[in-house]
Amino acid sequence: MTTAVAEHAQPAHEGLPPPPGGWRRLVYPGFLRAAWMTPLFFGIGCGIVVLCRWWGGWHPIWFGSVIVLVAALIAAPIGFLAGIGAFDYWVRYSIGEPTVPEDHSGHGAYSWRDYFRVNTDHKVIGMQYLVTTIVFFLIGGLLAMLVRAELAKPGMQFFDNQTYNGLFSVHASLMIFLFVIPAFAGLANFVVPLMLGAPDMAFPRLNALSYWLLPIAGIMMVSSFLVPGGAFASGWTGYAPLSVHQPLGTIFFNMGVQWAGASSIMTALNFLVTIITMRAPGMTFWRMPLLVWANFTTSLLVVIATPFIAGSQFFVMFDRIMHTHFFDVGGGGYPLGYQHIFWFYSHPAVYIMMLPGFGIASEVISTFSRKPIFGYRLMALSLMAILVLGFSVWAHHMFVSGMAPWLRVPMMITTLLIAIPTGIKVFSWLATMWEGKIHFRTPMLWAAGFVSMFVIGGLSGIYLGAVPIDIHVSDTYFVVAHIHYVLFGGSLFTIFAGIYYWFPKMTGRMYNETLGKLHFWLTFIGFNATFFPMHLIGTQGMPRRVSDYAPEFAHWNMFISVASFFLGASTIVFLYNMIISMRRGEPAPGNPWRALTLEWQVTSPPPIFNFDEIPQVVGSPYEYGVPGARHAVLNGDRAAEEVRVH
Amino acid sequence: MRRGSIVQLIVIGVLAGAIASAFALIPGWLPEPASREAGRIHFVFWFVTGICIFVFSIVAAVTAFAVWKFRAPPDDDSDGPPIHGNTALEIAWTAVPTLLVTAIAVVSAIVLAKDDAQGANPLRIEVTAQQFFWSYSYPGFGNKQSDVLRLPVNRSIVLRMTSKDVIHSFWVPEFSQKQDVVPGIHPTLHITPDRVGTYPVICTELCGLGHALMRSRVIVMEPAAFQKWASQKGGA
């Protein structure tokens with residue numbers, strides 16, 4: 001966040017306008033205004049509830065769970081967003097005040113304070129996303145440590161069942177909705193416009209709004225521990241009818257998913273429009289880096305699938321608050337309906353959490369192997385194949401659910417078919433490394449670690465795809481092992497690869513290589529020691545989501561718990577490295593990895609509007625070793641000298 | 001590629017396969033089967049394991065070889081050969097996995113069909129789940145009630161299940177058969193126990209605070225002993 005090499009940047013103006021002094025500060029967009037607008041909107045929400053209930057003749061007029069829902073979980077967050085200024089421009093526009101379409105008054109960061117306001121610069125938003133998601137990653141990780149502490153021995157040690165069920169439910173929800181999905185969105189926010197040769201995202205103000213929905217969703221999920229009855233405790237899957245009859249904390253999950261989902265959808269629309277309309281001249285679809293392809297397919301998945309989880313959570317909430325009967329058998333409802341709707345989102349969500357990682361791996365492996373990506377077009381097409389197939393496999397989560405039995409074999413076939421495009425990607429990465437000049441810098445370690453761990457996760461996925469085996473291992477620790485191999489060994493490893501890879505570009509400083517490698521090896525060892533034995537205890541008969549288990553699994557669980565604490569501790573190395581490198585790391589050159597994609601052809605950190613002149617794209621982004629080939633021409637730019645010309 | 005490299009690659013592959021096989025064979029991955037369905041499901045498990053070890057060995061060999069042989073010295077600024085693809089190779093690694101997953105799908109579908117088929121003269125039992133216990137009822141024996149599932153060995157059993165409140169799931173690891181127990185519908189599960197003994201019944205779908213303790217037992221008995229028990233009046 002420092003501006004070590006900022007002298008190359010040509011800011012459009014010197015800093016953002018400072019906030020006014022005195023009482024005017026109370027009406028100026030920022031946390032101070034949010035501090036009074038949030039309670040004001042909370043009050044308005046309470047008023048609406050009371051008025052409606054009085055008018056409808058319902059008793060009691062002051063009804064706790066509806067007040068919490070309308071006032072605390074809907075109105076107050078809107079008040080907060082209005083307070084910090086997420087809507088200011090649109091409100092001015094809608095009431096006929098003069099507006100400047102090319103208003104850059106909220107663009108760019110000149111001091112650390114600019115990261116704590118509604119900022120329209122995609123690079124600032126990317127950093128906001130990453131820091132926020134890492135905070136929730138740490139909270140989610142601590143919850144996992146508590147889960148493992150309880151499971152270290154059979155019997156109950158530290159928590160009661162309600163708290164324990166809350167711990168793993170909130171752990172999973174934070175990791176999925178507040179870490180993996182938005183962390184990829186954050187990396188892509190920073191990188192995609194740069195890779196396209198664009199000055200920003202297509203809708204910068206929408207981009208800012210979609211970031212600010214995220215802390216709301218996260219705080220909502222974490223704060224559910226504080227409400228009477230405890231946190232939501234029916235797992236991140238929240239199966240009805242159990243979730244309908246849980247304590248109040250459940251609506252914190254129902255609504256948290258809405259806020260996080262709205263954020264995802266807005267960001268995805270933004271990426272789609274940006275990728276379709278804002279590519280630099282010459283940047284055809286077949287010249288786009290695979291990271292851009294990956295985010296294009298991911299965004300399609302998000303836009304199509306996310307409304308389904310929103311719907312499923314609204315149904316649960318309506319069953320609870322308004323006494324509808326979507327999932328209530330007594331009223332003619334159908335419990336399996338929930339699972340069909342939920343998994344119609346949540347299976348594509350698996351790819352939402354993986355495809356951006358595929359993109360990162362492609363960039364990193366090609367750059368550090370000094371070779372063109374192997375089978376570029378097939379790599380892009382297999383992303384599209386995963387996108388299409390991803391919508392036809394949801395019921396493989398329901399092989400034992402009691403759904404129509406004939407659905408199982410077709411769903412098994414589509415599920416196993418997904419192994420083919422995924423296999424193509426893995427083989428192509430290996431072929432990219434083959435005969436390359438591989439430099440095992442930290443990002444490459446993470447990417448290679450990702451490929452090997454993802455292979456294990458993919459193979460255990462084959463077991464789960466085969467219906468007879470799934471019948472045996474469904475809802476056991478085998479499934480827990482599988483999801484952690486694909487989401488931890490898969491998604492998280494690529495997120496780390498991406499963070500280390502673009503750290504110099506984002507901060508203008510180099511990270512500490514020794515600490516980066518140490519972080520990788522500690523995590524790699526801790527990860528395998530924690531999650532590999534889970535396959536074994538799962539097939540042997542230990543169910544998931546239990547606070548207590550049969551004594552025969554005691555030894556393995558103790559081993560897993562100790563390994564998981566080791567794994568948790570490895571994160572300290574990462575945090576230490578990030579903090580000291582951001583403050584005191586060596587200044588980074590514009591292109592430390594000698595990469596060809598556009599983001600490396602500008603200074604580190606990039607100029608405030610990315611490119612002083614729009615680049616002209618002339619070739620593929622991966623032409624390593626091709627004499628005379630280049631990806632783009634940047635004229636009149638100091639960084640252009642660093643474009644590799646043979 | 002030189003012949004020496006191919007030999008090295010094969011050696012690494014065999015080594016990786018041997019390590020993976022040791023992982024597959026040394027710990028007891030699956031409970032000792034106590035039903036015919038479990039025997040068939042275990043066959044699918046080992047069939048898939050064989051294919052996975054094959055794929056893993058290839059990937060591990062290529063990865064290890066690449067990491068070992070293609071590491072560049074830090075001061076080497078040169079690029080690798082500009083290979084953009086290889087159509088034959090790409091067709092091969094699309095076609096071979098297609099064949100493998102087709103084989104898995106066929107084997108799975110056959111086993112599934114066999115496990116779903118009920119044998120002659122099945123014994124029907126009603127299974128009811130509620131927070132947090134199981135109860136069993138024997139319609140063929142005057143709706144005899146029990147909180148332990150007693151089954152005769154080597155006879156086809158049809159469990160017809162339902163739940164009184166939320167979703168539960170019926171699992172006996174030794175039978176390898178599992179079925180979610182859902183309010184409002186009556187899914188069935190077919191089991192043919194073939195080993196006398198006592199095994200745990202485990203709820204595997206999160207069903208609330210008592211989920212971890214929602215356990216019961218299944219006792220597989222000799223047919224004569226079962227007949228004697230079932231004909232008695234009274235529970236358990």
Side-chain angles (χ1 to χ4, degrees), chain A residues 161-162 234-235 239 241-242 329 335-336 369-372 374-375 378 400-402 405 408-409 412-413 416-417 419-420 423-424 426-427 430 433-440 448 452 455 459 462-463 466-469 471-472 474-476 536 539-541 543 545-548 623-626, chain B residues 27-31 40-41 44-45 48 52 55-56 59 62-63 66-67 70-72 76 78-85 89-90 93-94 97-98 101 104-105 108-109 111-112 115-116 166-167 169 171 173 176-180 182-185 187 202 204-209 211-213:
Chain A
N161 275 314
Q162 179 73 34
S234 40
Y239 273 15
L242 177 68
V329 178
L336 293 185
S369 302
R370 313 304 304 163
K371 267 187 67 198
F374 193 95
L378 199 56
V400 298
S401 69
R408 293 180 297 178
V409 170
M412 168 174 73
I413 292 169
L416 292 173
L417 284 179
I420 297 163
I424 290 173
V426 169
F427 298 137
L430 294 176
M433 285 164 68
W434 195 257
E435 296 195 325
K437 305 268 183 181
I438 308 176
H439 296 266
F440 279 101
S452 51
V455 166
L459 292 177
I462 299 276
Y463 285 83
V467 182
I469 306 176
I471 289 175
H472 178 65
S474 182
D475 276 314
T476 67
L536 182 66
T539 54
Q540 286 179 343
R545 292 173 169 164
V546 289
S547 50
D548 189 7
E623 298 296 79
Y624 297 101
V626 182
Chain B
W29 281 87
L30 295 164
R40 287 190 282 257
I41 289 173
V44 185
F45 184 89
V48 173
C52 285
V55 174
F56 176 81
V59 172
V62 173
T63 311
V67 168
F70 303 127
R71 182 187 290 265
D76 183 357
S78 64
D79 287 344
I83 304 165
H84 288 86
L89 204 54
E90 286 171 50
W93 69 44
T94 310
T98 310
V101 299
I104 293 172
S108 299
V111 166
L112 189 64
D115 283 358
D116 276 359
V166 300
I167 299 175
S169 191
W171 185 38
S176 285
Q177 285 282 63
K178 186 183 286 130
Q179 175 62 54
D180 281 8
V182 184
I185 60 174
I202 302 171
T204 55
E205 185 65 65
L206 178 63
C207 58
L209 298 185
H211 168 57
L213 302 174

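Below, read A as the first sequence line, B as the second, and so on, with proteins coming before strands; counting in each chain starts at 1.
Considering every non-hydrogen atom in both A:D475 and B:T204, the closest pair reads CB-O, 3.0 Å. Between B:G28 and A:Q540 the shortest heavy-atom distance is O-NE2, 2.6 Å. Taking every heavy atom of both residues into account, B:W171 and A:G541 meet most closely at CH2-CA, 3.3 Å. The shortest non-hydrogen separation linking B:P183 to A:P335 is O-CG, 3.7 Å. Residues B:P82 and A:G625 come closest through the heavy atom pair CG-O, 3.4 Å. Here the closest non-hydrogen pair linking A:P468 and B:I41 is O-CG2, 3.4 Å.
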With side chain to side chain contact (heavy atoms under 4.5 Å, CB included) as the criterion, how do B:H211 and A:D548 come out once you've worked through the C-alpha distance, each side chain's angles and the decisive distance to 0.1 Å? CA-CA 9 Å; B:H211 168 57; A:D548 189 7; over 6 Å; no

Quick one: do A:T539 and B:F45 satisfy side chain to side chain contact (heavy atoms under 4.5 Å, CB included)? Show the steps, please. CA-CA 10 Å; A:T539 54; B:F45 184 89; 4.0 Å; yes

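Rounded to the nearest 0.5 angstrom, B:D76 CG and A:R370 CZ are separated by 10.0 Å. In this structure, B:K178 NZ and A:S401 OG are separated by 12.5 Å, a value rounded to the nearest 0.5 Å. Of the inter-residue distances, the one linking A:S547 atom OG with B:L213 atom CG reads 6.5 Å to the nearest 0.5 angstrom. Separating the CD1 atom in A:I424 from the CD atom in B:E90 is a distance of 8.0 Å, to the nearest 0.5 Å. Summarising the geometry, atom OG1 belonging to B:T98 is positioned 3.5 Å from atom CD1 belonging to A:I420; distances are rounded to the nearest 0.5 Å. Atom-to-atom distance recorded for A:L336:CG and B:D180:CG is 8.0 Å, nearest 0.5 angstrom.
The residue among B:G208, B:P31, B:A109 with the most heavy atom pairs within less than 4.5 Å of chain A is B:P31. Counting heavy-atom pairs under 4.5 Å between each of B:I185, B:V44, B:I167, B:L206 and chain A puts B:L206 at the top. Annotation: maximal heavy-atom pairing with chain A below 4.5 Å, among B:L30, B:V67, B:L89, B:I202, occurs at B:V67. Per-residue heavy-atom pair counts under 4.5 Å with chain B were compared for A:V409, A:T476, A:L242, A:V426, and the maximum is reached by A:L242. Interface summary for chain B: among A:L536, A:V546, A:L417, the most heavy-atom pairs under 4.5 angstrom belong to A:L536. For chain A, the option among B:V111, B:V59, B:V55 with the highest count of heavy-atom pairs below 4.5 Å is B:V59. Counting heavy-atom pairs under 4.5 Å between each of B:C207, B:G184, B:S176 and chain A puts B:S176 at the top.
Aromatic ring centres of B:W93 and A:F374: separated by under 6.0 Å.
Looking at A:K371, its side chain never comes within 3.5 Å of a backbone N or O of B:P81 through a donor-acceptor pair. Within the 3.5 Å criterion, the main-chain N or O of B:D79 finds no donor-acceptor partner in the side chain of A:K437. The main-chain N or O of A:V400 is found under 3.5 Å from a side-chain atom of B:Q179 such that the two form a donor-acceptor pair.
The shortest side-chain heavy-atom distance between B:V101 and A:M412 does not fall under the 4.5 Å cut-off. Side-chain contact between B:R71 and A:F440: present, with at least one pair of heavy atoms (C-beta onward) separated by less than 4.5 Å. A heavy-atom distance below 4.5 Å is found between the side chains of B:F70 and A:E435.
Residue contact with chain B, scored on non-hydrogen atoms closer than 4.5 Å, involves the side chain of A:A419 exclusively.
No hydrogens or angles considered: a donor-acceptor pair under 3.5 Å links the side chains of A:E623 and B:H84.
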